[in-house]
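Structure first, then comments.
These figures come from a predicted structure and were not determined experimentally. Just so you know, these numbers use all the heavy atoms, side chains as well, and skip hydrogens, waters and symmetry mates. Each chain gets a letter, A, B and so on, in the order the sequences are listed, and its residues count up from 1.
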2 protein chains.
Amino acid sequence: MMPRWKPDAAGRLTKAAITLFEQQGYEATTVAEIAEAAGLTKRTFFRYFADKREVLFMGSEELQDLWVSSIRAAPDRAGAMEAIESALDAVAQLFAERHPFARVRARIIAANPELQERELIKLAKLADAAAGALRDRGVADRAATLAGQTGVAVFHDAFARWVQQEDPDVMRALMDGSLAELRAVVMEGRGRAARPKASALRRA
Amino acid sequence: MMPRWKPDAAGRLTKAAITLFEQQGYEATTVAEIAEAAGLTKRTFFRYFADKREVLFMGSEELQDLWVSSIRAAPDRAGAMEAIESALDAVAQLFAERHPFARVRARIIAANPELQERELIKLAKLADAAAGALRDRGVADRAATLAGQTGVAVFHDAFARWVQQEDPDVMRALMDGSLAELRAVVMEGRGRAARPKASALRRA
DNA sequence: TAGTCGATGGCACTGGGTGTCATGCGGTGC
DNA sequence: GCACCGCATGACACCCAGTGCCATCGACTA
């Protein structure tokens, strides 16, 4: 039966938005324009997205779920950073399938401060969620907070490098490199543990 | 001579804004209201502040200048994290003078996601600026980025604890504690360097 | 056939943010 | 002492993001 409405309104809005943002820029594109391009109205746009920025962040909830559940699923004996690393694993896999889309999206966000703000608060939520999951595993309060922050910093740094190159499959290696480098810089002048293995640096 | 305009328009606007935000909340306060309370108009408000949020972030430029110049001023032989620590020193001193104000401001920001987004992008700029200053000191690209991120993470964590208690002078100790804990969690299971000195933890 | 459900449209309204011009005091040059 | 200019502010119209409310009308159900 011809349904009354064309399906996947949210998806149509997202596609239209990305296309228009690429063509004209984020600021120069109005919500009414996006809605019209998707065969809908401004009012309907705001039924699907809390605001104009959110249209670029569909799926971030799933990302956070994956992130948190990976931490919860880590072996009981794993320490905080080991649990974080398993979350980095899962996220790297997820992103590998979406390299082209991620690059376009990253370009749009990089061009607009409003969107960067939204991106940053999503990352902060990832860090908080990770910290919460770690606390549930028995990690001490402050250690959990800082491990969450560290995990997100590594993710963010690796992500930034990942979108700048062609190969979708190196994300995990980039993460490893970032984490090794982080350990090195944080421990500089504090004994042998400071120096990352050359092999880890080479993988990135 | 009675000048034509009352002085310090920006200061009056900031004061009025904070008062109203405290009384009614950020969302429930309109820019026109703030301006009127300061004896000005909405149009003038936007001549001093790029948007409504920015009124709570006056002075963040000075903070960044202090932050960056502390890194630049660190001894030539200091490593990346040592330079970062000297910036943390300077910032801790600056904040010690403003504890009451910082607490009010933090409460307002904590109650509103829009404001948190703005706070996060300011912190991200601090991290970027630190990374840039470190690169100028000869620190490698990625190490600089990660050291900047780490410094901001420590600052942020310590700040959050600092506003929750009474003593304005413990910020540097809280930072030390956070940094020690960060080192511990990041190095867990990697040798003696992982365990922070008990003395450092006690200071926090 | 009547009635309900649910996604959408229509419309008016608030408030943030901007472009543009007008206003009028203080200082400057002559 | 007069003409002029600079500059902080006001006034006003306007655009667009975002919301509340009610209308619409096909699909499904009794």
Side-chain angles (χ1 to χ4, degrees), chain A residues 1-21 23-58 108-109 111-119 121-122, chain B residues 1-21 23-58 108-109 111-119 121-122:
Chain A
M1 300 299 93
M2 262 291 278
R4 183 171 180 193
W5 318 105
K6 286 198 279 181
D8 194 20
R12 276 151 52 211
L13 286 167
T14 303
K15 259 196 168 161
I18 290 179
T19 305
L20 289 169
F21 291 165
Q23 286 171 1
Q24 325 172 334
Y26 173 81
E27 293 239 321
T29 304
T30 149
V31 171
E33 251 178 310
I34 299 168
E36 194 189 4
L40 294 165
T41 64
K42 176 183 154 191
R43 192 66 188 84
T44 298
F45 178 98
F46 287 113
R47 286 198 180 93
Y48 284 96
F49 304 103
D51 57 47
K52 186 181 170 188
R53 294 166 213 156
E54 271 307 298
V55 74
L56 277 174
F57 294 86
M58 217 185 31
I108 296 173
I109 291 177
N112 191 287
E114 278 186 53
L115 294 171
Q116 290 162 38
E117 291 188 349
R118 183 57 52 87
E119 175 109 309
I121 207 172
K122 299 280 186 190
Chain B
M1 302 295 94
M2 263 293 277
R4 183 170 180 195
W5 318 106
K6 286 197 279 181
D8 193 22
R12 275 151 52 212
L13 286 167
T14 303
K15 258 195 168 163
I18 290 179
T19 305
L20 290 168
F21 292 165
Q23 287 172 0
Q24 325 172 333
Y26 173 80
E27 293 238 322
T29 305
T30 78
V31 171
E33 251 177 311
I34 299 168
E36 194 188 3
L40 295 166
T41 64
K42 174 184 154 189
R43 192 68 188 83
T44 298
F45 178 98
F46 287 112
R47 285 199 180 92
Y48 284 96
F49 304 104
D51 56 48
K52 185 182 171 188
R53 293 167 214 157
E54 207 56 26
V55 73
L56 278 173
F57 294 86
M58 218 185 31
I108 296 172
I109 292 177
N112 191 288
E114 277 184 54
L115 294 171
Q116 290 163 38
E117 291 188 350
R118 182 57 49 88
E119 175 109 310
I121 207 171
K122 300 280 186 193

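- Classification of B:Glu119 and B:Arg53 as a salt-bridged pair fails, no side-chain N sitting under 4.0 Å from a carboxylate O.
- Contact detail for B:Leu20 and B:Ala37: the closest heavy-atom pair is CD1-CB, 4.2 Å.
- Distance B:Arg118 CZ to C:dG16 P: 14 Å, rounded to the nearest Å.
- Ion pair A:Glu54/A:Lys122 flagged as a salt bridge, since at least one NZ, NE, NH1 or NH2 atom sits closer than 4.0 Å to an Asp/Glu carboxylate oxygen.
- Within a heavy-atom distance below 4.0 Å of DNA chain D, the residues of residues 37-52 of chain A found are A:Lys42, A:Arg43, A:Phe46, A:Arg47, A:Ala50, A:Asp51, A:Lys52.
- To the nearest 0.5 Å, the span separating OH on A:Tyr48 from CG on A:Leu13 amounts to 8.0 Å.
- The distance from atom CG of A:Leu13 to atom P of C:dA7 is 14 Å, rounded to the nearest whole Å.
- The two residues A:Lys52 and A:Phe46 come nearest to each other via the heavy atoms N-CE2, 4.2 Å.
- The separation between A:Asp8 atom CG and C:dA7 atom P is 14 Å, rounded to whole Å.
- Take A:Thr29 and apply the side-chain hydrogen bond (donor to acceptor under 3.5 Å, both in side chains) test, not counting sequence neighbours, and it matches A:Gln24.
- Near DNA chain D, meaning a heavy atom under 4.0 Å away, the residues from residues 27-36 of chain A are A:Thr29, A:Thr30, A:Val31.
- In this structure, the separation between CZ on B:Arg118 and CD1 on A:Ile121 is 11.5 Å, given to the nearest 0.5 Å.
- Distance check, rounded to the nearest 0.5 Å: CG of B:Leu56 to CE of B:Met58 gives 10.0 Å.
- Taking atom CD of residue A:Glu114 and atom P of nucleotide D:dC16, one finds them 14 Å apart after rounding to whole Å.
- Atom pair B:Leu56:CG and C:dG16:P shows a separation of 14 Å (rounding to whole Å applied).
- Both B:Arg53 and B:Trp5 lie close to DNA chain C; mapped to their nearest nucleotides by heavy-atom distance, the more 5′-ward contact belongs to B:Arg53.
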